[in-house]
Q: 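Pasting in a structure now, in C-alpha cells, and then I'll have a few things to ask.
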Amino acid sequence: MVPVQPALIGVPVFLAVFSLFVALASRGRVNPLLEAFARGRVASDGGRRESFFVRLWNLRGESSLGLEGAVLAGAAAGTAVFFLVAALLDPLFAAPLAVGGFLLGPRALNAFLYRQRIKAFRNTVEFGLDTLLTALHIGLPMERALREASAHSPEPIRTEFLRVAEEISKGVPEPEAFRNMAARVPCVEAEELCEAVELYVKVGGPRALELLRQVLTNLRDGVSMRYQVHQHTRGAKTSAVMVTLIPVGYMAFMLAFAPDLFGPLLTTQAGRVSLFVAVLVFFAGLGLVLNILRSIEEF
C-alpha cells in the first residue's frame, strides 16, 4: 500500500468538517431565490413535482434541514466515508461507498434533526398550552390566543403556534389547522391537543375551557411520568454510553502508548480488512445502542 501523505489526509478531513459545520449552521435557512423557484415549479405542475434529492432526503416543509444544508451534509459524509475506506482498504472501493454516503448521509441527519424537533416540542408544549389557555380564558379568539401564546413560548412551540394561527387567518378551520400541526409534529401531546380543540369548537363556552384545562392537566401528568421514567433509566443509559466508549478509549490509549501493535492493521491487506470489518461492527452496535436510547427518550 502506498503511504498517504499528511497533506492528502488533512485536505479531505478539513473539507468534511467544514461542510458538516456549514450544513448544521445553515439548517432551517432557505435561499429565497431557490424557494421562489420551487414555488413556481410546484404551481406549474399542480403540486405534484419534486426534485429527486428532495424526495430522497425527505426535505419536506417540516424539515429543519434546507436543500443547501443537505448538500453540504452529503458532501461531508461522502468525503468522510471516502477517506476512511481509502485509508483502510482501497481508493477504488471507496468511491462507490462515498457516493452512498453522499446519498444517505443527509437523510440520516434530517431524521435526527426531525426527532430532536419532536423532542423539543414535547418538552415545551406544557408551557405553550398554559399560555394558550390563559389567553382563551380572558376572551381572546383562537387565532389571537395562538399569537399571544407564541410570543411568550420557546421554539418550536412558537413556530408551530404561529403556523396554526396563519392557517386559521386564511380560512382553514381550527380543527384542521391543529391536525396539520399534529401531522408535522407526530407525538401524543399534539394528538391530544388536536382532539381537545375539536371538542372545544363543538362544545364552546366555559365547558370547552374546562376541557382544555383538563387536557393540560393530563399532559402535565404525562410529562411528570416520563421524567420519572428517565430518572429511573438514567443509570442504564449512562452504562450503555460507557460501554460504547470503551473501545474508542482503548484504541486511543493503545495508539498513544503502543502504536507499533497497530502496524499490521494498516500495513497488511488482512489487517486493513479486519479493521474495516471492526469499524462496521462498531457502528452497527452504536446504531443499536442509539435505537434503544431513542426508544426510552420517546416514551
Side-chain angles (χ1 to χ4, degrees), residues 27-28 30 35 39 42 47 50 54 58-66 110-227 294 297-299:
R27 67 185 181 92
V30 179
E35 187 179 25
R39 284 199 301 266
V42 172
E50 290 180 335
V54 169
N58 197 24
L59 302 178
R60 300 297 190 263
E62 66 275 6
S63 173
S64 300
L65 195 64
N110 186 39
F112 171 77
L113 295 176
Y114 183 54
R115 289 193 298 267
Q116 291 299 112
R117 180 177 177 82
I118 295 177
K119 181 180 178 181
F121 181 90
R122 300 182 71 180
N123 292 336
T124 56
V125 67
E126 181 182 359
F127 181 82
L129 280 178
D130 200 1
T131 309
L132 177 63
L133 185 62
T134 302
L136 291 173
H137 185 71
I138 63 177
L140 294 179
M142 179 63 73
E143 179 190 350
R144 290 187 58 189
L146 286 168
R147 296 185 184 277
E148 185 68 22
S150 66
H152 301 88
S153 299
E155 291 290 350
I157 295 295
R158 179 196 303 272
T159 300
E160 291 300 331
F161 277 9
L162 279 177
R163 291 182 67 174
V164 174
E166 288 295 333
E167 291 182 4
I168 294 175
S169 66
K170 294 177 181 178
V172 179
E174 295 175 359
E176 182 178 350
F178 277 92
R179 281 196 298 270
N180 294 337
M181 184 191 70
R184 292 191 300 269
V185 192
C187 60
V188 177
E189 290 80 2
E191 291 291 340
E192 291 184 357
L193 179 59
C194 178
E195 295 175 358
V197 170
E198 290 181 354
L199 292 177
Y200 173 79
V201 174
K202 292 180 180 179
V203 176
R207 294 180 58 187
L209 288 176
E210 184 61 30
L211 174 64
L212 284 180
R213 187 176 291 108
Q214 186 62 40
V215 171
L216 176 61
T217 302
N218 294 337
L219 290 178
R220 284 174 175 171
D221 293 341
V223 171
S224 177
M225 182 180 299
R226 284 192 298 274
Y227 176 77
R294 185 166 60 249
E297 292 292 336
E298 292 177 353
F299 172 77

Q: So how far is it from Glu148 CD to Ser153 OG, rounded to the nearest 0.5 Å?
A: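 Rounded to the nearest 0.5 Å, the CD-OG separation comes to 9.5 Å.
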
Q: Which atom pair, heavy atoms only, marks the closest approach of Arg158 to Ser150?
A: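 Distance-wise, the nearest heavy atoms are CG-O, 3.3 Å.
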
Q: Identify each donor-acceptor pair in which a side-chain atom of residues 190-197 lies under 3.5 Å from a protein atom, sequence neighbours left out, and give them as a table.
A:
none

Q: Between Pro186 and Tyr114, is there a side-chain heavy-atom distance shorter than 4.5 Å?
A: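 In contact.
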
Q: Walk me through whether Thr159 and Arg117 qualify under side chain to side chain contact (heavy atoms under 4.5 Å, CB included).
A: CA-CA 11 Å; Thr159 300; Arg117 180 177 177 82; 4.1 Å; yes

Q: Going from CG on Leu140 to CZ on Arg147, what distance comes out if it is rounded to the nearest 0.5 angstrom?
A: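 Spacing of CG (Leu140) from CZ (Arg147) equals 12.5 Å.
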
Q: So Glu143 and Glu167, do their side chains get closer than 4.5 Å, heavy atoms only?
A: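 Of all side-chain heavy-atom pairs linking Glu143 with Glu167, none is under 4.5 Å.
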
Q: What heavy-atom pair brings Val125 and Ile157 nearest, and what distance separates the two atoms?
A: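 Taking Val125 first and Ile157 second, the nearest heavy atoms are CA-CD1, 3.7 Å.
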
Q: How would you list all residue pairs meeting side chain to side chain donor-acceptor pair (under 3.5 Å) that involve residues 168-179, not counting sequence neighbours?
A: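 The answer is Arg179-Glu198.
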
Q: Check whether any side-chain heavy atom of Phe121 sits under 4.5 Å from a side-chain heavy atom of Arg184, and report yes or no.
A: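 In short, these two side chains do not touch, never coming nearer than 4.5 Å.
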
Q: Find the distance between CG (Leu129) and OG1 (Thr124) and round it off to the nearest 0.5 Å.
A: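 OG1 of Thr124 is found 9.5 Å from CG of Leu129.
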
Q: So how far is it from Arg122 CZ to Glu189 CD, rounded to the nearest 0.5 Å?
A: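 The distance works out to 4.5 Å.
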
Q: Using 0.5 Å steps for rounding, measure from the CG atom of Leu136 to the CG atom of Leu146.
A: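 Spacing of CG (Leu136) from CG (Leu146) equals 7.5 Å.
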
Q: With rounding to the nearest 0.5 Å, note down the distance linking CE in Met181 to CZ in Phe161.
A: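 Met181 CE to Phe161 CZ: 6.0 Å, rounded to 0.5 Å.
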
